[in-house]
Amino acid sequence: MSRISRRRAPLAHPKTEEIDLFDVLHALSDPTRMTIVRTLSAEPERACGTFPVDVAPSTLSHHFKVLREAGLIHQREEANRRLTALRGDDLDERFPGMLEAVLTAYDRSPEAR
């Protein structure tokens with residue numbers, strides 16, 4: 001009996017110049033996605049199942065998709081893991097200081113406590 005290898009479809013990431021401010025702000029409007037972004041702002045890269053969030057795997061996948069399609073994160077496959085990194089340099093190139101300002105404001109908000 002042979003195993004059929006299933007490869008995941010390549011993930012789409014917008015080019016830096018295609019990142020839209022309104023898509024970024026929408027993606028950052030969710031507390032779970034903010035937790036993901038805050039975690040990545042402190043760590044260069046992290047495996048998908050290791051984020052400090054309490055949501056179902058399918059919900060977490062949805063949050064990653066929203067962040068990826070907005071241009072906030074980059075994901076890559078490594079063996080049987082998917083690694084996630086914040087696209088901080090791309091965001092700073094496109095919208096200087098925006099991400100830092102949003103993270104600072106969120107850290108001061110009641111939701112972050």
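Position 1 is the first residue of the sequence, and the numbers go up from there.
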Shortest non-hydrogen separation from [X] to [Y] and the atoms involved:
{"X": "V53", "Y": "T32", "value": "CG1-CG2, 3.9 Å"}
{"X": "A70", "Y": "P14", "value": "C-CG, 4.3 Å"}
{"X": "C48", "Y": "L60", "value": "O-CD2, 3.5 Å"}
{"X": "A85", "Y": "L40", "value": "C-CD1, 4.1 Å"}
{"X": "H13", "Y": "L11", "value": "ND1-O, 3.4 Å"}
{"X": "F95", "Y": "V24", "value": "CE1-CG2, 4.5 Å"}

I'd like to check [X] versus [Y] (side-chain heavy atoms, cut-off strictly below 4.5 Å). Are they in contact?
{"X": "R82", "Y": "R76", "answer": "no"}
{"X": "L72", "Y": "L99", "answer": "yes"}
{"X": "R94", "Y": "D90", "answer": "no"}
{"X": "T35", "Y": "F51", "answer": "no"}
{"X": "L28", "Y": "R33", "answer": "no"}
{"X": "P52", "Y": "R38", "answer": "no"}

Decide side chain to side chain contact (heavy atoms under 4.5 Å, CB included) for I19 and R87; before the verdict, give the C-alpha distance in whole Å, the side-chain angles of both, and the deciding distance to 0.1 Å.
CA-CA 11 Å; I19 297 174; R87 291 180 64 181; 3.9 Å; yes
Going only through I, L, V, M, F, W and Y residues with side-chain contacts under 4.5 Å, is there a path from F64 to V37?
yes
L67 pairs by side chain to side chain contact (heavy atoms under 4.5 Å, CB included) with which of T84, D30, I73, L86?
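Going through T84, D30, I73, L86 one by one, the side chain to side chain contact (heavy atoms under 4.5 Å, CB included) with L67 is satisfied by I73 alone.
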Would you confirm whether R46, through its side chain, and T50, through its main-chain N or O, come within 3.5 Å as a donor-acceptor pair?
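Judged by distance alone, yes, a pair lies under 3.5 Å.
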Check whether T59 reaches the backbone of V55 with its side chain - one donor and one acceptor, N or O, closer than 3.5 Å.
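Such a contact is absent between T59 side chain and V55 backbone.
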Audit row: L103, M34, side chain to side chain contact (heavy atoms under 4.5 Å, CB included) steps and yes/no
CA-CA 8 Å; L103 288 171; M34 280 300 300; 3.8 Å; yes
Apply side chain to side chain contact (heavy atoms under 4.5 Å, CB included) to residues M98 and L21 and explain how you reach the verdict.
CA-CA 9 Å; M98 182 273 310; L21 179 61; 4.2 Å; yes
For the atom pair OG (S41) and OH (Y106), what is the distance rounded to the nearest 0.5 Å?
12.0 Å
Please assess T16 against E93 for the test side-chain hydrogen bond (donor to acceptor under 3.5 Å, both in side chains), listing each intermediate value before the final yes or no.
CA-CA 8 Å; T16 303; E93 179 182 325; 4.9 Å; no
Just wondering, more than 12 heavy atoms not from E100 lying within 6.0 Å of its CD?
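Open: at most 12 neighbouring heavy atoms sit under 6.0 Å from CD of E100.
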So R68 and H74, side chain to side chain contact (heavy atoms under 4.5 Å, CB included) or not? Walk me through it.
CA-CA 6 Å; R68 186 179 62 250; H74 183 271; over 6 Å; no
